[in-house]
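Heads up: the structure comes next, in structure tokens.
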Amino acid sequence: MAFVRAYFRSPPAVIGLFLLLCVIAMAVSAGWFFPRDPLALAGRPLVWPFANPRFPLGTDNSGRDIAAQIFYGARISLLIGGVATVIAVIIGIVIGAVSGYYGGWVDNVLMRITEAFQTLPNFLLLLVLVAVFGSNITTVIIAIGIVSWPAPARLTRAEFLSLRNREFVQAGRTLGLKDMKLIFGEILPNALPPVIVYASVVMAVSILLESALAFLRLSDPNVASWGNLIGLGRDVLRVQWYVSAIPGIAILVTVLAVSLVGQGLNDALNPRLKGR
Amino acid sequence: MTDASPAVLTLDALSVRLPAGADRPHAMKDVSLAISSNEILCVVGESGSGKSMTANAIMRLLPGGVEIDGGKVLFDGRDLTQLTEAEMRDVRGAGIAMIFQEPMTALNPLRTIGDQIGEMFAIHTKLKGAAITERVLSLLEEVRIPDPKLAARAYPHELSGGQRQRAMIAMALALDPKVLIADEPTTALDVTTQAQILALIRDLQARKGTAVLFITHDFGVVAEIADRVAVMQHGLVVEQGPAAQILDDPQHPYTKQLIAAVPPLKAPPPRPLSGETILAVEHVSKTFRTGGFLGRGVRVTHAVKDVTLSLPKGGTIGIVGESGSGKSTLARCIVRLIDPDTGVINLNGRDLAKLSREEMRRATRHIQMVFQDPFASLNPRRKAGELVAQGPIVHGMDRAEALAKAKELFSLVGLDPAATDRYPHEFSGGQRQRIGLARALALQPEVLVADEAVSALDVSVQAQVLRLLAELRQRLGLSIVFITHDLRVAAQVCDLVAVMKNGEVVEAGPIGKVFGDPQHPYTQALLASIPGREFGVKREAVSV
């Protein structure tokens with residue numbers, strides 16, 4: 001409970017949490033407000049926002065309701081952010097933990113692989129994966145997860161390196177605990193806080209990566225995502241700029257919310273760093 | 001001793017307030033002390049007594065949120081609590097200098113020793129280049145660093161711990177301060193180095209007439225160096241007076257309790273030992289290799305060299321030595337946390353060194369370890385009861401049964417069985433060490449390896465844990481390998497002792513014989529270096 005109190009003491013963290021809850025509320029309520037398919041034609045194309053009460057945020061170049069796409073897009077963005085982050089963090093934790101705990105040649109091999117991934121610009125790698133495996137939403141999410149694991153892996157490894165020689169780990173070994181139990185039962189819970197905080201960065205980057213893919217029209221065209229809408233708006237950017245700007249603001253708010261929550265978690269988990 | 005000389009530094013009812021939410025409202029309350037030139041005043045107390053806060057309050061180097069909220073610090077006719085930050089900077093270093101516990105962290109690792117000492121002159125005086133170099137060399141000579149010219153050019157990591165502390169003292173004395181505050185300056189040092197540094201401080205103080213405020217937790221050090229003593233408890237000075245009076249005839253119950261807790265150096269009469277050997281270590285060696293590529297530039301450390309020991313059933317063998325002597329490596333070899341290169345570790349007729357990792361995992365129930373650091377040795381994210389139950393669960397006991405057993409063990413080691421639901425940070429240092437002991441005992445081992453198990457504890461808590469250990473040894477028939485750097489502690493608990501130096505056992509035998517009539521020059525040097533040696537012996541004579 002001390003943790004919750006520490007979290008709510010910081011105004012930016014509270015604002016971030018509020019914004020994130022708004023985005024989640026949009027995702028949850030999309031079906032109630034917009035029972036129709038968001039990708040179905042709804043009216044005349046390129047209606048400006050506030051011009052027609054049926055379309056509070058206007059329509060895009062093919063006459064689809066932008067407000068509906070924003071609400072449904074929240075689902076996709078959160079899905080991508082959430083699932084891709086889980087994939088990246090799990091791969092990262094397993095590789096980082098094994099690498100940091102065993103050290104020696106295991107560490108050398110795993111870290112060289114990690115570096116190979118890190119030296120490739122991750123957006124290029126993502127483009128290759130999508131080009132090879134196709135661009136339905138599942139593939140895109142898995143591909144984003146696969147390009148994002150090196151940073152959590154390095155972070156986990158660094159924590160393990162400092163924790164593995166601590167006396168409580170040695171005590172566990174003298175009790176006869178098996179390696180897997182030591183790694184995941186004893187060391188990992190102590191190594192987790194910075195990794196959880198870093199997960200918020202991974203989540204924000206995942207959402208941006210999908211938007212960038214969609215902007216290049218390489219994401220799944222059959223789902224209503226914010227990135228797709230920005231990509232569509234590209235054609236009419238100079239006159240009907242709102243088609244790209246509205247989903248752009250949605251992405252900005254979501255990424256900001258996730259970062260603020262991450263920063264808030266960091267401050268709450270490391271109370272000693274505050275006040276500096 | 002020097003009552004006639006006027007006080008240089010006077011603390012008049014000084015109080016320091018702690019931020020809200022701390023364990024007590026004041027770090028120190030109404031502390032009044034007076035230090036005259038040409039005397040050493042020792043401030044003694046256990047951790048949390050406010051003794052270090054006293055030094056920081058005088059220097060006005062208090063952490064954020066901690067403030068002086070009453071009283072005066074009179075120095076040179078001025079009240080230091082009223083000075084501006086700029087005026088205070090002139091007092092620090094030039095008027096009152098300070099030395100710290102850990103010289104490695106107090107020195108800048110990227111600059112040479114000579115450079116850092118020279119900075120004192122550059123900041124506070126108008127001296128220039130060559131003159132500064134000359135003064136630095138004469139200072140280093142004064143603190144008797146071997147080869148001052150070389151030391152001035154060295155970086156902190158190139159010097160030994162003792163030499164670093166000498167360099168710190170040289171820096172502190174650079175501007176001939178009237179008062180020197182020494183905050184546990186020898187605690188991080190080995191006993192032989194400690195003896196040299198104490199002698200140096202005593203000698204410099206006598207030659208220069210500096211007033212020294214010496215903060216320590218160790219009554220041996222007090223007996224060695226103090227002219228006057230002030231005893232602190234919970235932020236209050238409970239007793240002060242001339243050293244001889246406090247040490248021989250303490251009045252306050254807390255002082256009496258502290259002095260009684262200092263283990264005397266003389267071993268109690270030997271206990272009868274069983275003829276049966278439970279643990280035999282034969283010709284064990286361990287070498288560490290670091291760095292190097294394809295065999296070039298490899299640094300080889302012989303951590304343990306051909307060590308042979310035997311522990312009779314129900315007995316306690318002490319392994320004593322200074323840091324780097326290989327005693328901890330040996331302990332870790334015995335429980336196979338480190339795999340020895342060669343040798344036999346024979347536990348009850350089975351050679352542990354030959355076991356596979358899986359076999360060793362099962363054999364751990366026969367031999368258990370207690371660790372040094374009560375804060376680092378317990379996983380902060382597990383409840384105390386779980387920590388104790390963990391071992392039996394791993395070795396196949398039912399979870400509920402193991403947790404019930406943990407409660408029994410809690411009462412065995414003198415903890416409240418209801419406390420099994422709490423997390424380690426909710427316990428004090430001594431209580432945590434009891435949890436560590438309960439965890440080791442949960443597997444009902446025949447041999448317990450205690451690695452500096454009481455070294456991190458305050459002296460009164462240390463005495464309690466040692467008493468507990470002796471009682472458990474009697475009740476459970478435990479055999480103990482007791483690793484320590486503290487010869488006083490070894491004298492109290494061990495039947496046999498092995499003295500280690502540079503990875504080798506230089507002398508071993510029954511403790512009364514080794515400590516009473518040491519044969520090896522190193523053992524003799526170790527025993528001679530114990531601070532307040534006479535104090536211990538005298539007290540023994542009184543109590544017998």
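To find a chain, count down the sequence lines: A is the first, B the second, and so on, and within it residues start at 1.
- Salt bridge annotation for A/Glu186-B/Arg381: absent, with no cationic side-chain nitrogen under 4.0 angstrom from a carboxylate oxygen.
- Residue contact with chain A, scored on non-hydrogen atoms closer than 4.5 Å, involves the backbone and the side chain of B/Leu337 alike.
- Contact record, A/Gln170 with B/Arg332: OE1-NH2, 2.8 Å, taken as the closest heavy-atom pair.
- Closest non-hydrogen pair, B/His395 versus A/Gly176, comes out as NE2-CA, 4.4 Å.
- Minimum interatomic distance between B/Ser377 and A/Ala171 (heavy atoms only, all atoms of both residues): O-CB, 4.1 Å.
- You'll find the side chain of A/Asn190 reaches within 4.5 Å of the side chain of B/Asn379, heavy atoms only.
- The distance from atom CZ of A/Arg173 to atom CZ of B/Arg361, rounded to the nearest 0.5 Å, is 9.0 Å.
- Interface residue B/Arg382: only side-chain heavy atoms are found under 4.5 Å from chain A.
- Around the CZ atom of B/Phe375, the shell of radius 6.0 Å holds more than 12 heavy atoms that belong to other residues, nucleotides or ligands.
- The distance from the OG1 atom of A/Thr174 to the CD1 atom of B/Ile334 is 13.5 Å, given to the nearest 0.5 Å.
- Distance alone, capped at 3.5 Å, places no donor-acceptor pair between the A/Arg166 side chain and the B/Ala376 backbone.
- Proximity of A/Phe168 to B/Pro424: side-chain heavy atoms (C-beta onward) are nowhere separated by under 4.5 Å.
- Under the 4.5 Å side-chain criterion, counting only non-hydrogen atoms from C-beta, B/Glu358 is in contact with A/Lys178.
- A distance of 6.0 Å separates CG in A/Leu175 from CZ in B/Arg439, rounded to the nearest 0.5 Å.
- Atom CZ of A/Phe184 sits in a crowded spot, with more than 12 heavy atoms from other residues, nucleotides or ligands closer than 6.0 Å.
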